[in-house]
**Student:** 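Below is the structure I would like to discuss, written out as structure tokens.
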Amino acid sequence: MKIIHLIRHAKSSWKDGTLADIDRPLNKRGKKSCRVMVKQLVRSGCCFEHIFCSPAVRAQETIQGINKILNLELRWQTNKELYTFDSVVLLEWFRTLNDAVTEPLIIGHNPALTELCNTLRKNDTISNNDISNIPTCGYVQLCMDKDRPWRKLAEGSANLTVFLRPKKFMK
């Protein structure tokens, strides 16, 4: 079975209006969300073996923050293709994955992540409605219904098994 793990980058700062979008760092709330979500990610079965991250500073700081709290030496690949807001581009990227990668973890951006989630998922037990928004530092887990090759990843081929919003765990 293949499982897709999606994390939207944590909340970024708009304080410096001169920065390019790709260069925006996390703000204080974003850093706190990373700390709060780590326990929930582990509890939900998030796999940290094959991590792929957008080159955007806010995405890089999200996985760095998670890594720091986990106190592990996570390794991740930075993929320029993951700096996308287009779910079709993201779906095509998934179709290029090596089939030996069974549980990829992607740290990326909306609306691509939310749209991809809604494209891939079937009606399931969590909700029969589309997810309107994966929030910043939100986590989604999608389980493939059969062991299909990545190149055949298609609409309605996965079940949504976990959807976590950091707001639920913030104090």
Side-chain angles (χ1 to χ4, degrees), residues 3-15 17 19-48 51-66 69 76 79-95 103-144 153-171:
I3 301 173
I4 296 172
H5 304 273
L6 303 174
I7 298 175
R8 182 177 171 196
H9 65 79
K11 188 75 175 164
S12 62
S13 173
W14 289 87
K15 188 181 278 188
L19 290 176
D21 179 74
I22 198 168
D23 295 325
R24 288 188 292 113
L26 295 184
N27 67 14
K28 194 174 183 179
R29 185 176 117 203
K31 292 174 185 174
K32 181 178 180 182
S33 293
C34 290
R35 290 191 302 272
V36 167
M37 286 298 288
V38 168
K39 184 190 296 184
Q40 306 309 320
L41 293 171
V42 170
R43 188 177 289 158
S44 296
C46 184
C47 181
F48 298 97
I51 304 170
F52 303 93
C53 189
S54 160
V57 170
R58 60 193 180 273
Q60 294 288 317
E61 287 184 357
T62 298
I63 191 58
Q64 290 166 359
I66 291 168
I69 301 302
W76 57 88
N79 292 83
K80 65 182 179 192
E81 298 87 2
L82 296 178
Y83 181 63
T84 185
F85 309 99
D86 185 337
S87 62
V88 174
V89 171
L90 194 52
L91 179 60
E92 287 305 314
W93 180 87
F94 267 100
R95 289 179 176 153
E103 293 196 43
L105 167 59
I106 310 307
I107 296 89
H109 309 273
N110 260 357
L113 292 179
T114 297
E115 290 171 1
L116 179 73
C117 177
N118 288 325
T119 297
L120 294 179
R121 67 186 282 247
K122 301 176 187 182
N123 287 341
D124 47 55
T125 56
I126 291 182
S127 169
N128 287 329
N129 300 318
D130 283 348
I131 292 174
S132 61
N133 180 47
I134 298 173
T136 52
C137 214
Y139 169 70
V140 169
Q141 187 180 101
L142 296 158
C143 293
M144 306 288 274
L153 187 62
E155 185 174 339
S157 61
N159 289 307
L160 175 66
T161 52
V162 178
F163 179 29
L164 300 176
R165 300 165 188 87
K167 197 174 199 178
K168 180 178 178 184
F169 308 106
M170 300 286 263
K171 294 178 183 176

**Student:** Quick one, P166 and P135 - any side-chain contact, counting heavy atoms below 4.5 Å?
**Tutor:** yes
**Student:** Do the charged groups of E61 and R58 touch, with an N to O distance under 4.0 Å?
**Tutor:** no
**Student:** Does T119 have any side-chain hydrogen bond (donor to acceptor under 3.5 Å, both in side chains) partners at least two apart in sequence or in another chain, and if so, which?
**Tutor:** none
**Student:** Taking the side chain as every heavy atom from C-beta outward, state whether I106 and I7 have any pair of such atoms under 4.5 Å apart.
**Tutor:** no
**Student:** Go through it in stages, so that I can follow the logic: the residues are C137 and H9, the test is side-chain contact (heavy atoms from CB on, under 4.5 Å), and I'd like the CA-CA distance, side-chain angles, deciding distance and then a yes or no.
**Tutor:** CA-CA 5 Å; C137 214; H9 65 79; over 6 Å; no
**Student:** Is there a side-chain contact between R8 and N133, using heavy atoms and a 4.5 Å cut-off?
**Tutor:** yes
**Student:** For residues F52 and W93, establish whether the separation of their ring centroids is below 6.0 Å.
**Tutor:** yes
**Student:** Do F94 and L116 come close enough that some side-chain heavy atom pair is under 4.5 Å?
**Tutor:** yes
**Student:** Check for a donor-acceptor pair, side chain of S157 on one end and backbone N or O of L153 on the other, with a separation under 3.5 Å.
**Tutor:** no
**Student:** One pair to check against side-chain contact (heavy atoms from CB on, under 4.5 Å): S13 and L19. What are the steps and the verdict?
**Tutor:** CA-CA 10 Å; S13 173; L19 290 176; over 6 Å; no
**Student:** Is the closest side-chain donor-acceptor distance between H109 and S54 under 3.5 Å?
**Tutor:** yes
**Student:** Between Y139 and I134, is any pair of side-chain heavy atoms under 4.5 Å apart?
**Tutor:** no
**Student:** Does any part of the side chain of P55, heavy atoms only, come nearer than 4.5 Å to the side chain of I22, both counted from C-beta?
**Tutor:** yes
**Student:** With sequence neighbours excluded, tell me which residues meet salt bridge (Lys or Arg N to Asp or Glu O under 4.0 Å) with R24.
**Tutor:** D21
**Student:** For E81, does its backbone N or O pair with a side-chain atom of N79 as donor and acceptor, under 3.5 Å?
**Tutor:** no
**Student:** Distance check, rounded to the nearest 0.5 Å: I3 atom CD1 versus M144 atom CE?
**Tutor:** 10.5 Å
**Student:** Under the side-chain contact (heavy atoms from CB on, under 4.5 Å) rule, what do K32 and K11 come out as? Steps first, then yes or no, please.
**Tutor:** CA-CA 9 Å; K32 181 178 180 182; K11 188 75 175 164; over 6 Å; no
**Student:** For E155, I'd like to know if atom CD has over 12 heavy atoms of other residues, nucleotides or ligands within 6.0 Å.
**Tutor:** no
**Student:** Do L82 and L90 come close enough that some side-chain heavy atom pair is under 4.5 Å?
**Tutor:** yes
**Student:** Answer yes or no: is there a donor N or O on one side and an acceptor on the other, between the side chain of Q141 and the main chain of L160, under 3.5 Å?
**Tutor:** no
**Student:** Do L105 and C46 touch side chain to side chain, with heavy atoms closer than 4.5 Å?
**Tutor:** yes
**Student:** Would the distance check show the side chain of N159 and the main-chain N or O of T161 forming a donor-acceptor pair, the cut-off being under 3.5 Å?
**Tutor:** no
